[in-house]
Structures are given as structure tokens and as C-alpha cells.
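In what follows, a single structure is set out as C-alpha cells and then discussed.
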Amino acid sequence: MSEPRHSTGSRPRATMKQVAALAGVGTKTVSRVINDEPNVSEATAARVWDAIRALDYQPDLQAGSLRRSDGRTRTLGLLVGSVDNPFAGAIHRVVEDLAAERGMAVFASSLDDDPAREGSAVRAFLQRRVDGLILTTASRRPDYLGQLQERRIPAVFVDREPLIDGVDTVASDNHAGASAGVAHLIARGHRRIALLADRLDLTTASQRQQGYLDALASAGISRSDALMATDLHDVESARAALERMLRAPEPPTAVFSAQNLITIGALHALRDAGRSHTVALVGFDDLPLADLLDPGVTVVAQDPQEIGRRAAERLFALLEGADGAPIRAVVPTRLIARGSGEIAPPA
């Protein structure tokens, strides 16, 4: 069967025959390597992949999957909160890089914290016959899990943990990170600490809120003295919430912002009120250029690269037939002091 040629600019598309010739093997061997079939030595497979990269060969994976005994498409589905969020972007990049090393492609989509959009994205992935899924969820009990189990499609959840037993998850230690960030402010003498948080039906937001409350309780600060604004899902809503708090008769002397976009909104509010150097701020999740601001932004930094790596490696293990109980991997956070979280309260 002859292979089609398609133009990409002035350069014709490479063929399987050309890959085979460069690697010094037959076309059947190239096919076996691409489709991850047995009876090919590691040295031979390495030569074939070197030739594929050198020629920029693009196999027709969809057609190839129809010929494979296992029906694999060598594709993954990745669902993140929003592809324009740096945290989600870092996870996307790691998953894509690790998948590429295995000759796999990644379809990525945003859910924008909308359960309906989440379900639609998962259905679209299934229609494309992906081999496995890495998912961020806006639902505590996603209704598509039964369908994944029926089709035997492995899935690993990242960032947010569904409240369902029997699923694999990789997430930050949200409670401990939030508690450490608030304790950092308390250690500087703050007692009126505002919490700016996302929707509490999201597991990350509820875990960070609980970390905030537990840190206050450990310092003997009553829950009735907690200053909380929730359901803040973007920069503008966070900005408006903190502006209202700063105009109150007893404004907060410190702020714990529980998500990176919320931190950006808090920074705008503090700047506009002329309070950037008098109100302390600790944000959950790091920000680009946070160290270049004045003052630098103190953060509880997550490790999205590690989250993405662990999730991808777990998914690859499941695709290779790993058994045993599902894992719940918790990735530690770390507090980075840069100035904003070290501002003392008024005398």
C-alpha cells in the first residue's frame, strides 16, 4: 500500500519507507515500533525513533489504531481548569513532554470550573478514542466515571480530588499549605487576617479554607473573628471583595489569597488603596514575576511540574497494566518569603 504525500510548505511529507531506510530496518519493523508491538529490541526501536524525529515523520495514528490488536490510538486527553492559567499550563507542558517521549499525542481542553463543560470535554475525548485521561474536575462526584469504567479507560485526577473512592489522584497538600501561609502571618503579629477564596464546592478551595481556619484556631483566634470572602473566581471579583474589606471600619491588616488569580486581584486592590506596603499578603500558588514586584509577593508555592509528572507516570503505568489499589499522591507545598508576607501590623 503506497503512502500519501502531503505538502508542508515546500517540503514533502516523509514516508514510512524513508524512515525504514534511514533506520536500516523494514517498514514492518517501523510499524511495530510506532504501534508499541513486541519483538523489537530496544536498540532497534531507538534507531527507528531517531529516524522518525530526523525526518519529522507524522504517522497516521488514527488509521494505525484500527490495525492494532489492542485498539490503542496513542493519544491522551488532558482536562485542566484553564489553559491560560500558569499552574494549568505547567501541568500541560510536563504531560505533553512525557507523552511525546512515548510517541503519544495529547488533546487538551479547559473546563472553566463548569461541570457541564467538563462532561462535554470528557465525551469529546472519548469520541476521539483516547487511551487514557488526566482530569481536573469541577464536580465532587463526576457522573462520567461509570462510563470510563465500562470502557476500561484509565483516568488520573489532578489538583482536585473527587469525593469518590477508587480513583487515582495527584494533588497539592492544600490544607497544610494554607495553614502554613496563615501561620506565617500570625507569627508576624497579625490577628485580623482576611481570606479570599474560590467557590467552596471546589475541593481545593474548601481544603484551603479549612487550613486557614485551623491556623486561626491554633493561635486562639475565634472563627467569629475570621474575615472571609468566597466564591471569587477571577481577578475582578477578588479585587472588589478586598476593596470592600479595606473600606470597613476595622479592615484586615493581612490577607491570605487562596488562588493565583485571586492574588492578582488582591494586588490590584492593595495598590489602588495605597496599602501595598502596610497590609501583608500571602498568596497560595506562585505568580510570574512575583519576585520583581515591590514588595515581592510571599507565596505558598505549589509544584505543578511534579503534579503533572506523577499523574502522567501513573497513567502510563495503568496503561501498561499496573494493578493494585488506586493511589492518592499528595505533593508538598513550600512557603517563599519575598516581602509582602513579612509586613508587620500597625503598632
Side-chain angles (χ1 to χ4, degrees), residues 36 61-62 65-66 68-83 85 87-88 91-92 94-96 98-99 102 104-172 174-175 198-207 233 304 307-331:
D36 197 23
L61 295 177
Q62 186 173 12
S65 71
L66 300 177
R68 295 185 62 197
S69 60
D70 60 7
R72 294 280 180 86
T73 61
R74 303 197 66 76
T75 58
L76 304 178
L78 172 65
L79 185 62
V80 295
S82 177
V83 293
N85 187 308
F87 174 82
I91 291 176
H92 184 181
V94 171
V95 171
E96 195 169 53
L98 292 176
R102 292 163 173 81
M104 304 182 78
V106 177
F107 296 125
S109 183
S110 301
L111 65 95
D112 293 333
D113 292 340
D114 180 353
R117 180 163 179 168
E118 175 184 348
S120 177
V122 171
R123 286 192 297 273
F125 289 146
L126 296 181
Q127 289 170 357
R128 286 162 175 77
R129 302 175 62 244
V130 296
D131 297 332
L133 295 164
I134 296 176
L135 302 170
T136 303
T137 181
S139 307
R140 295 198 173 198
R141 300 181 182 277
D143 58 9
Y144 50 76
L145 282 178
Q147 190 175 9
L148 298 184
Q149 292 167 352
E150 288 175 6
R151 298 192 183 193
R152 297 184 179 180
I153 298 176
V156 178
F157 286 88
V158 293
D159 188 27
R160 299 171 187 160
E161 306 172 67
L163 299 183
I164 297 175
D165 293 331
V167 296
D168 291 273
T169 62
V170 182
S172 295
N174 293 291
H175 179 277
D198 208 329
R199 290 168 22 207
L200 295 182
D201 60 326
L202 302 174
T203 54
T204 46
S206 63
Q207 290 167 351
H233 57 278
I307 292 173
R309 183 190 67 79
R310 291 198 193 185
E313 290 183 349
R314 176 58 178 170
L315 185 60
F316 296 141
L318 292 172
L319 288 169
E320 291 165 5
D323 53 14
I327 67 161
R328 179 181 180 270
V330 179
V331 179

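This one's a predicted model, so the numbers in the text were calculated from it and none came from an experiment.
- For the pair Leu163 and Arg141, the tightest heavy-atom approach, listed with the atom from each and the gap, is O-NH1, 2.8 Å.
- Taking each heavy atom of Thr73 and Asp131 in turn, the nearest pair found is N-OD1, 2.9 Å.
- For the side-chain contact (heavy atoms from CB on, under 4.5 Å) with Asp113, the lone residue among Asp201, Asp198, Thr137, Thr136 that qualifies is Asp198.
- Put simply, CG on Leu135 and CZ on Phe125 are 7.5 Å apart, with the number rounded to the nearest 0.5 Å.
- Judged by distance alone, with hydrogens and angles left aside, the side-chain atoms of Gln207 form no donor-acceptor pair with the main-chain N or O of Asn174 at under 3.5 Å.
- Counting only heavy atoms from C-beta outward, the side chains of Thr204 and Asp159 approach each other to under 4.5 Å.
- The two atoms that bring Ala155 and Leu315 nearest to each other are N-CD1, 4.3 Å, heavy atoms only.
- The distance from atom CD of Glu118 to atom OH of Tyr144, rounded to the nearest 0.5 Å, is 3.5 Å.
- Sorted by first and then second residue, the side-chain hydrogen bond (donor to acceptor under 3.5 Å, both in side chains) pairs involving residues 307-322 (not counting sequence neighbours) are Asp168-Arg314, Glu306-Arg309, Glu306-Arg310, Arg309-Glu313.
- Other residues, nucleotides and ligands contribute at most 12 non-hydrogen atoms within 6.0 Å of the CZ atom of Arg328.
- Taking all atoms of both residues into account, the shortest heavy-atom contact from Ile91 to Pro304 is CG1-O, 3.5 Å.
- Contact record, Pro154 with Leu318: CB-CB, 3.8 Å, taken as the closest heavy-atom pair.
- Rounded to the nearest 0.5 Å, atoms CG (Leu76) and CZ (Phe107) are 9.5 Å apart.
- In this structure, Ile153 CD1 and Leu145 CG are separated by 12.0 Å, a value rounded to the nearest 0.5 Å.
- Between Ile307 and Ser172 the shortest heavy-atom distance is CD1-OG, 3.4 Å.
- Remark: the backbone N or O of Ala105 is not paired with any side-chain donor or acceptor of Arg74 at under 3.5 angstrom.
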Go through Arg151 and Leu126 one step at a time and tell me if the side chain to side chain contact (heavy atoms under 4.5 Å, CB included) criterion holds. CA-CA 9 Å; Arg151 298 192 183 193; Leu126 296 181; 3.5 Å; yes

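- Atom CE of Met104 is separated from atom CG of Leu98 by 11.5 Å, given to the nearest 0.5 angstrom.
- Under a 3.5 Å cut-off, the side chain of Ser110 and the backbone N or O of Asp112 do not form any donor-acceptor pair.
- Annotation: Arg128, atom CZ; neighbour count of heavy atoms from other residues, nucleotides and ligands within 6.0 Å does not exceed 12.
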